[in-house]
Amino acid sequence: MAGLNKVVHSYQEALAGLSNDMTIMVGGFGLCGIPEGLINHMVTTGVTGLTAISNNAGVDDFGLGLLLKQRQIATMIASYVGENATFEQQMLSGELNVILTPQGTLAEKIRAGGAGIPAFFTATGYGTPIAEGKETREINGRHYVLEESLTADFALVRAWKADTMGNLIFRKTAANFNPMMATAGKITVVEAEEIVQPGELDPNHIHTPGIYVDRVIQASFEKRIEQRTVKISDSKA
């Protein structure tokens, strides 16, 4: 069983093999469930020419925004620009190649990649710029666009709990893109809030089996809020 221990103890070990011009998938939704420490370490490595696949790029001074500021990302595949002014500026100037993809289509492209499905037809985007240059087909009277699946050299995900064998549990919003990305990377690296011993996780609650995971690292998280909204209640004097 000791040979199945996937825990590493430094970010250098976690990202060993990462190099220029690779494709990376980065989990999370906005700032929720992003692998903060892995992203921060990528900044320090100085790798460039990256193709990043993520729902969005977060904010300017946190998460993928840090890689954008250092001009380490060459191509961004995402569903929206979000709250990141650097992302917007680089896209509008043509400095950054951006492939905007409908959110559901992006999720399915990643899921398909992890399942070994090379492409699929979807009605989303037909008749819009999304479909330009892509094969289309009419099936049962409805038009569809052929979308190719996505895989990556590295999938960087964040889990709520992991055991040492790489079995994962995700929590709430972090369960959006992280589980499917974990299956679609040649090397999947997990940053976990808590690491436990084999047998401590309820098998019925595991979202991603350890067979998909290559490395697990324990980390602490800042857990920023992208847009803080508060309600001021009326009080009577």
Peer 1: If you define the side chain from C-beta out and look only at heavy atoms, does anything of T164 sit under 4.5 Å from V216?
Peer 2: no
Peer 1: Would you compute the distance between atom CD1 of I110 and atom CD1 of I77 and round it to the nearest 0.5 angstrom?
Peer 2: 9.0 Å
Peer 1: Go through the steps to decide whether E191 and Y11 satisfy the test side chain to side chain donor-acceptor pair (under 3.5 Å), and finish with yes or no.
Peer 2: CA-CA 10 Å; E191 197 168 19; Y11 284 107; 2.5 Å; yes
Peer 1: Which atom names give the shortest non-hydrogen contact between V157 and A182, and what distance separates them?
Peer 2: CG1-N, 3.9 Å
Peer 1: Can I get a per-line list of side-chain donor-acceptor pairs under 3.5 Å for residues 22-30, giving both atom names and the distance, sequence neighbours left out?
Peer 2:
none

Peer 1: Working note: V213 + L168, criterion side chain to side chain contact (heavy atoms under 4.5 Å, CB included); need CA distance, chi angles, decisive distance, verdict.
Peer 2: CA-CA 9 Å; V213 174; L168 310 177; 3.8 Å; yes
Peer 1: Could you grab the distance from atom CG of N140 to atom CZ of R142, nearest 0.5 Å is fine?
Peer 2: 11.0 Å
Peer 1: Please answer: with hydrophobic residues joined when any side-chain heavy atoms are less than 4.5 Å apart, are Y212 and F154 in the same cluster?
Peer 2: no
Peer 1: Side-chain contact, heavy-atom cut-off 4.5 Å: V196 with E194?
Peer 2: yes
Peer 1: Treating Q72 as the side-chain partner and V47 as the backbone partner, does any N or O pair qualify as donor plus acceptor under 3.5 Å?
Peer 2: yes
Peer 1: Taking side chain as C-beta onward, heavy atoms only, is R71 less than 4.5 Å from L96?
Peer 2: no
Peer 1: Nearest 0.5 Å please: distance from the CG atom of N84 over to the CG atom of D60.
Peer 2: 4.5 Å
Peer 1: Count I, L, V, M, F, W, Y as connected when their side-chain heavy atoms are under 4.5 Å apart, and connections chain through other members. Are I73 and V43 then in the same cluster?
Peer 2: yes
Peer 1: Does some side-chain heavy atom of K109 sit less than 4.5 Å from a side-chain heavy atom of F120?
Peer 2: yes
Peer 1: Do the non-hydrogen side-chain atoms of T122 and E108 ever get within less than 4.5 Å of each other?
Peer 2: no
Peer 1: Given E193, which of R158, Q218, R171 fulfils the side chain to side chain donor-acceptor pair (under 3.5 Å) condition?
Peer 2: R158
Peer 1: Please answer whether the main-chain N or O of Q197 pairs with a side-chain N or O of E200 as donor and acceptor at a distance below 3.5 Å.
Peer 2: yes
Peer 1: Count I, L, V, M, F, W, Y as connected when their side-chain heavy atoms are under 4.5 Å apart, and connections chain through other members. Are M76 and L18 then in the same cluster?
Peer 2: yes
Peer 1: State the OG1-CG distance between T45 and L67, to the nearest 0.5 angstrom.
Peer 2: 8.0 Å
Peer 1: Give the minimum heavy-atom separation between G113 and S149, together with the two atoms involved.
Peer 2: N-CB, 3.5 Å
Peer 1: Look up atom CG in L150 and atom CE in M181, then write down how far apart they are to the nearest 0.5 Å.
Peer 2: 9.0 Å
Peer 1: Which is it for T136 and Y144 under the side chain to side chain contact (heavy atoms under 4.5 Å, CB included) test, yes or no, and what are the steps along the way?
Peer 2: CA-CA 5 Å; T136 61; Y144 294 86; over 6 Å; no
Peer 1: What are the two closest non-hydrogen atoms of P179 and F170, and how far apart are they?
Peer 2: CG-CD1, 3.5 Å
Peer 1: Could you tell me which non-hydrogen atom of N20 sits nearest to which non-hydrogen atom of T48, and how far apart they are?
Peer 2: OD1-N, 2.9 Å
Peer 1: Does Q89 offer a backbone N or O that forms a donor-acceptor pair with the side chain of S93 under 3.5 Å?
Peer 2: yes
Peer 1: Any chance the side chains of N55 and Q103 put a donor and an acceptor closer than 3.5 Å?
Peer 2: yes
Peer 1: Not counting sequence neighbours, which residues clear side-chain contact (heavy atoms from CB on, under 4.5 Å) with A174? List them please.
Peer 2: N178
Peer 1: So for atom CD1, which belongs to I211, do other residues, nucleotides or ligands contribute more than 12 heavy atoms lying within a distance under 6.0 Å?
Peer 2: no
Peer 1: Honestly curious: do V98 and V81 fall in one hydrophobic cluster under the side-chain, below-4.5 Å linking rule?
Peer 2: yes
Peer 1: Nearest heavy-atom pair of G141 and E138: which atoms, and what distance?
Peer 2: CA-OE2, 3.4 Å
Peer 1: Side chains of D21 and L50: does their closest heavy-atom pair fall under 4.5 Å?
Peer 2: no
Peer 1: What distance do L201 atom CG and N167 atom CG have between them, rounded to the nearest 0.5 Å?
Peer 2: 6.5 Å
Peer 1: Hey, mind stepping through Y80 and L100 against side chain to side chain contact (heavy atoms under 4.5 Å, CB included) and telling me if it holds?
Peer 2: CA-CA 6 Å; Y80 72 107; L100 289 176; 5.5 Å; no
Peer 1: Is a side-chain N or O of S54 found less than 3.5 angstrom from the main chain of A57, in a donor-acceptor match?
Peer 2: no
Peer 1: With side chain to side chain contact (heavy atoms under 4.5 Å, CB included) as the test, would you mind laying out the steps for L106 and I53 before giving the verdict?
Peer 2: CA-CA 9 Å; L106 178 63; I53 303 168; 4.1 Å; yes
Peer 1: Which atom pairs, one a donor and one an acceptor, fall under 3.5 Å between side chains of residues 128-135 and the rest of the protein, sequence neighbours left out?
Peer 2:
unit_1, atom_1, unit_2, atom_2, d
T128, OG1, G125, O, 2.7
T128, OG1, I130, N, 3.2
K134, NZ, I130, O, 3.1
K134, NZ, E147, OE1, 3.1
K134, NZ, E147, OE2, 2.9
E135, OE2, R137, NH2, 3.0

Peer 1: Any side-chain heavy-atom pair from I217 and V190 closer than 4.5 angstrom?
Peer 2: no
Peer 1: Of the non-hydrogen atoms in R215 and A14, which two are nearest, and what is the gap between them?
Peer 2: NH1-O, 2.8 Å
Peer 1: Quick one: do I169 and I195 end up in the same hydrophobic cluster if we chain Ile, Leu, Val, Met, Phe, Trp and Tyr together by side-chain heavy atoms under 4.5 Å apart?
Peer 2: no
